[in-house]
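This structure is a prediction, so every number in the text was calculated from the model and none was measured. To find a chain, count down the sequence lines: A is the first, B the second, and so on, and within it residues start at 1.
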Amino acid sequence: MPEGHTLHRLALDLSRDLLGNVVAVSSPQGRFDGATRLDGCKLTGTEAVGKHLLLRFGRAGVVHIHLGLFGRFYRRRHPAPLPRSTTRMRLTVPDWTWDLVGPTRCELLSARGVRALRERLGADPLAPGANVEAAWQTLSRSHRSIAAVLLDQSVFAGIGNVYRAELLHLVRLHPETPASRLGRAKFDELWALARQLLAAGVREKRIVTVPHEGRRRVRRDEALHVYGRTACHTCGERVTVTRNANRPMYACERCQPLDLG
DNA sequence: TGCATATGAGTAA
DNA sequence: TACTCCTATGCAA
């Protein structure tokens, strides 16, 4: 699940359940030392930055969470079941318990640590004041492929492997197109689409890039154009799976021809 | 029971 | 480029 939309959604949901509450914080697994310090403090803010989540506990500190590939939050209505042995952090308020399992990172961060995190992250399509110009400058001077640049969190924060494949398909760019050949118009198209699709992901709580009507629940194999598919949803051509930036890269060679002209 | 798999990313070489 | 960490799940044996 965890691309940028997941974290932004979590920031909203956690805020709805916990904001302004005194929170019982614990680490059943024992691997989050910060729990002791935060236990009994009030949650004063939640924020997602790319694929990172920040939970503010006033002066007590900020929890920085990165879910990685496996991390998950579980929301439990009371009475909550006993935590698993793998529960890194448990947050409890009178009505709800939220359990965090399997994150790559769950740590207490100083103000300086938070600044450093922001500085190493690029433009988040879901952030209102995202620095689009910086992303454009980096991208237009890059010698790497557009697919590699899209996954680089210091350029675009929040785009993951699914969104990368779907975005490139929708703007009809071959993954190996050198980033520097995009041109501003194509970049703007990509950015606008990223904002639109990530926002849809926050609303729907999952990645859906194929347009659909109303509230009808889209079947999993109908939600995406190329990612994880054998046939292109757009034209039916066989989807190719290559590797780019050490991750599987799904594309349709017919819809996304390599254009070096 | 054990293995492969997954939407991530840091580090060593 | 390869290896490492983090966990749950589904399927084969």
Side-chain angles (χ1 to χ4, degrees), chain A residues 1-11 27-34 48-54 63-76 81-90 98-107 109 113 116-122 124-126 144-145 147-170 175 193-194 197-210 218 220-230 233 239 241-251:
Chain A
M1 308 291 274
E3 297 197 20
H5 68 297
T6 305
L7 283 301
H8 281 264
R9 180 66 195 218
L10 276 170
S27 180
Q29 183 192 44
R31 290 186 49 191
F32 174 44
D33 339 343
V49 190
K51 298 174 189 170
H52 302 252
L53 178 65
L54 300 174
V63 184
H64 167 224
I65 294 158
H66 187 97
L67 295 179
L69 204 47
F70 315 125
R72 256 194 96 171
F73 267 103
Y74 296 91
R75 179 182 191 241
R76 327 274 200 190
L82 287 173
R84 301 179 180 206
S85 62
T86 52
T87 303
R88 184 76 58 89
M89 177 178 73
R90 170 167 270 206
W98 283 75
D99 284 337
L100 170 64
V101 171
T104 285
R105 256 195 158 68
C106 174
E107 62 186 356
L109 231 48
L117 173 67
R118 290 185 193 285
E119 278 166 18
R120 74 180 172 85
L121 292 174
D124 180 347
L126 289 171
R144 299 142 75 200
S145 66
V149 173
L150 274 180
L151 268 197
D152 184 339
Q153 300 300 302
S154 70
V155 183
F156 296 101
I159 294 176
N161 207 26
V162 178
Y163 276 121
R164 153 171 98 159
E166 295 297 303
L167 284 167
L168 290 178
H169 179 80
L170 284 163
L193 195 60
L197 294 184
L198 274 280
V202 175
R203 281 197 306 275
E204 309 206 20
K205 287 188 160 195
R206 66 180 185 136
I207 304 175
V208 179
T209 64
V210 176
V218 185
R220 192 173 359 177
D221 60 328
E222 287 290 318
L224 304 174
H225 294 89
V226 287
Y227 183 87
R229 296 179 58 95
T230 50
H233 190 279
V239 167
V241 191
T242 53
R243 279 192 91 74
N244 182 294
N246 214 19
R247 310 287 300 281
M249 177 69 237
Y250 294 83

Problem - P-based separation of C:dC5 from B:dA13 [nearest Å] - result: 15 Å
Looking only at the side chain of [X] (C-beta and beyond, no hydrogens), which of the listed nucleotides [options] gets closest?
{"X": "A:Y74", "options": "C:dT7, B:dT7, C:dA8", "result": "C:dA8"}
{"X": "A:R88", "options": "B:dT7, C:dT9, C:dC6", "result": "C:dC6"}
{"X": "A:Q153", "options": "C:dT7, B:dA9, B:dA6", "result": "B:dA9"}
{"X": "A:I207", "options": "C:dC3, B:dT7, C:dT7", "result": "B:dT7"}

State whether [X] places a side-chain N or O below 4.0 Å from either non-bridging phosphate oxygen (OP1 or OP2) of [N].
{"X": "A:R243", "N": "C:dT1", "answer": "no"}
{"X": "A:K51", "N": "B:dT7", "answer": "no"}
{"X": "A:R84", "N": "C:dC6", "answer": "no"}
{"X": "A:T86", "N": "C:dA8", "answer": "yes"}

Completion exercise
note: A:D99, atom CG; C:dT7, atom C1'; distance rounded to Å ~ 14 Å
Problem - For atom CZ of A:F70 and atom P of C:dC5, their distance in whole Å - result: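 My rounded result for the distance is 12 Å.
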Completion exercise
By ring pair (Phe, Tyr, Trp, His ring centres under 6.0 Å), A:H52 pairs with (sequence neighbours left out) A:H64, A:H66
Handout entry: A:F156 six-ring centre to A:R164 NZ/CZ under 6.0 Å and within 45° of normal
Key = no
Practice task
Please work out if A:R120 contacts a base, only the sugar-phosphate, or nothing of the nucleic acid, heavy-atom cut-off 4.0 Å.
Solution key: sugar-phosphate
Exercise for the section: Please find out if less than 6.0 Å separates the ring center of A:H169 from that of A:Y227. Expected result: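 No, too far apart.
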Problem - Charged N-O contact under 4.0 Å between A:E204 and A:R206 - result: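 Salt bridge absent between A:E204 and A:R206.
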